[in-house]
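For clarity, every value in this text was computed on a predicted model and none was experimentally measured.
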Amino acid sequence: MANPERKPIIGITTECEADPKNARTRGNITLNWNYAEQVALAGGVPLIIPPTADMEVVAGLIDGWLIPGGDDIDASNFGEENHPKVNLGDPTRFDGERRLYAAVPTDMPVFGICYGCQFLNVIRGGSLIQHLPDAVGHERHHSGSLEKYALDANAKLADVTGVMEIEGKSYHHQAIGRIGGGFVVVARADDDTVEALEATDRPYMIGVQWHPERTPDDPATQNLFKRFVDAARAYAATKSVAK
């Protein structure tokens, strides 16, 4: 019998910087506090996942996967040359997350934020607009401004957040280009920039381009984390029954 009080374990992947020449640390892994904080407040147990982990083992431990923000993805992963303005992340991160994506069951809840949204799009065959100001003619999306995004009325995201228009802080100079397989666009900014995706072929896979962890007092933001953790709890219960 599944324990209804069991808190779901939410794996959170991290930014990293490998530095083999540093005899003291050999590099570092980093995660902003607010990602883990929001997971805990929503009733989950945050579990930090370094990119060097055995992802087959990790996939069996976690009940949900949160992919946080970070630096830019190498454009070679979607068949392009890098734009001069890209700020590339350590490729170890993308490789670790690629392995975890391959290992997690398709019914495990997955939530991507900013880079996380972009990663999910790329890993499913999509592309990125590498420097958004080239496409929209302004840098507002990279300024940390509080913006409003219209949500598709029929989308899971609208049901999850409980609103038809959501406010969020925007810190991205890249954006979704070609849409990855199985994804639909469920939110856009007023300049038509894609701000959220969700998968049609999985029960819970949502990516948002803004940073909800930076608006923690907003009820829609709280709903976004709570419903993700609730989905992970339901997934955990199915694992317990299977045993």
Side-chain angles (χ1 to χ4, degrees), residues 7-14 31-49 62-70 97 101 104 107-121 124 141 144-172 175-176 180 182-190 193-200 202-236:
K7 289 187 175 183
I9 299 172
I10 306 299
I12 310 177
T13 42
T14 64
L31 178 74
N32 289 347
W33 181 278
N34 45 11
Y35 291 109
E37 180 178 49
Q38 290 308 305
V39 166
L41 288 173
V45 178
L47 179 69
I48 311 306
I49 305 170
I62 62 176
D63 305 311
W65 177 19
L66 173 61
I67 313 171
E97 288 169 332
Y101 178 85
V104 298
D107 54 344
M108 179 185 292
V110 179
F111 179 27
I113 294 174
C114 198
Y115 163 102
C117 179
Q118 295 170 3
F119 168 82
L120 289 171
N121 189 59
R124 290 167 70 92
H141 293 294
S145 60
L146 190 64
E147 300 186 36
K148 293 183 178 181
Y149 311 114
L151 308 187
D152 185 328
N154 298 314
K156 181 184 290 290
L157 184 60
D159 175 62
V160 163
T161 58
V163 297
M164 291 303 304
E165 184 179 72
I166 193 167
E167 286 189 327
K169 290 191 175 180
S170 184
Y171 291 87
H172 60 100
I176 302 300
F183 271 135
V184 291
V185 176
V186 294
R188 291 183 184 270
D190 57 11
T193 298
V194 174
E195 290 290 342
L197 300 170
E198 62 187 42
T200 59
R202 298 200 179 201
Y204 201 107
M205 178 177 281
I206 294 174
V208 301
Q209 188 63 79
W210 69 91
H211 280 268
E213 79 285 0
R214 298 179 188 179
T215 52
D217 297 327
D218 179 63
T221 285
Q222 294 168 0
N223 288 342
L224 192 52
F225 283 99
K226 183 179 184 303
R227 289 287 295 274
F228 168 58
V229 170
D230 286 349
R233 183 180 291 107
Y235 169 75

Taking all heavy atoms of [X] and all of [Y], pick out the closest pair and write down the distance.
X	Y	value
Ser170	Tyr149	CB-OH, 3.4 Å
Leu120	Phe183	O-CE1, 3.5 Å
Phe119	Ile67	CD2-CD1, 3.9 Å
Pro212	Phe111	CG-CZ, 4.2 Å
Glu147	Ala189	OE1-CB, 4.5 Å
Ala158	Met164	CB-SD, 4.3 Å

Would you mind reporting whether [Y] and [X] have side-chain heavy atoms less than 4.5 Å apart?
X	Y	answer
Ile113	Leu66	yes
Pro216	Thr221	no
Glu167	Lys148	yes
Phe225	Leu41	no
Val160	Tyr204	yes
Glu198	Asp152	no
Met108	Met205	no
Asp63	Val45	no

**Request:** Compute whether any side-chain donor of one residue and acceptor of the other, for Tyr101 and Arg124, lie under 3.5 angstrom apart.
**Result:**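 Yes, because at least one side-chain N or O of Tyr101 sits under 3.5 Å from a partner of the opposite role on Arg124.
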**Asked** Side-chain donor-acceptor pair under 3.5 Å between Gln222 and Gln38, yes or no?
**Response**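 Result is no, nothing qualifies.
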Could you tell me the separation between the [atom1] atom of [X] and the [atom2] atom of [Y], rounded to the nearest 0.5 Å?
X	Y	atom1	atom2	value
Leu47	Thr13	CG	OG1	11.0 Å
Leu31	Ile12	CG	CD1	5.5 Å
Trp210	Leu224	CH2	CG	6.5 Å
Asn154	Asp159	CG	CG	11.0 Å
Arg188	Gln209	CZ	CD	12.5 Å
Tyr171	Arg214	OH	CZ	5.5 Å

**Message:** Using side chain to side chain contact (heavy atoms under 4.5 Å, CB included), reason through Ile206 and Val186 one step at a time and then give a plain yes or no.
**Reply:** CA-CA 9 Å; Ile206 294 174; Val186 294; 5.9 Å; no
**Request:** List the steps, then state whether side chain to side chain contact (heavy atoms under 4.5 Å, CB included) holds for Thr193 with His172.
**Result:** CA-CA 11 Å; Thr193 298; His172 60 100; 4.1 Å; yes
**Item:** Lys226: partners by salt bridge (Lys or Arg N to Asp or Glu O under 4.0 Å), with sequence neighbours left out
**Value:**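 Once residues adjacent in sequence are excluded, the partners of Lys226 under the salt bridge (Lys or Arg N to Asp or Glu O under 4.0 Å) criterion are Asp230.
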**Asked** Taking only residues two or more places apart in sequence, or in another chain, which ones meet Val163 in a side chain to side chain contact (heavy atoms under 4.5 Å, CB included)?
**Response**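 For Val163 the side chain to side chain contact (heavy atoms under 4.5 Å, CB included) partners, ignoring immediate neighbours, are Leu151, Thr161, Ile166, Ala220.
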**Message:** Donor-acceptor pair, distance only, cut-off 3.5 Å: does the side chain of Lys156 make one with the backbone of Pro203?
**Reply:**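 Here the side-chain-to-backbone pair exists.
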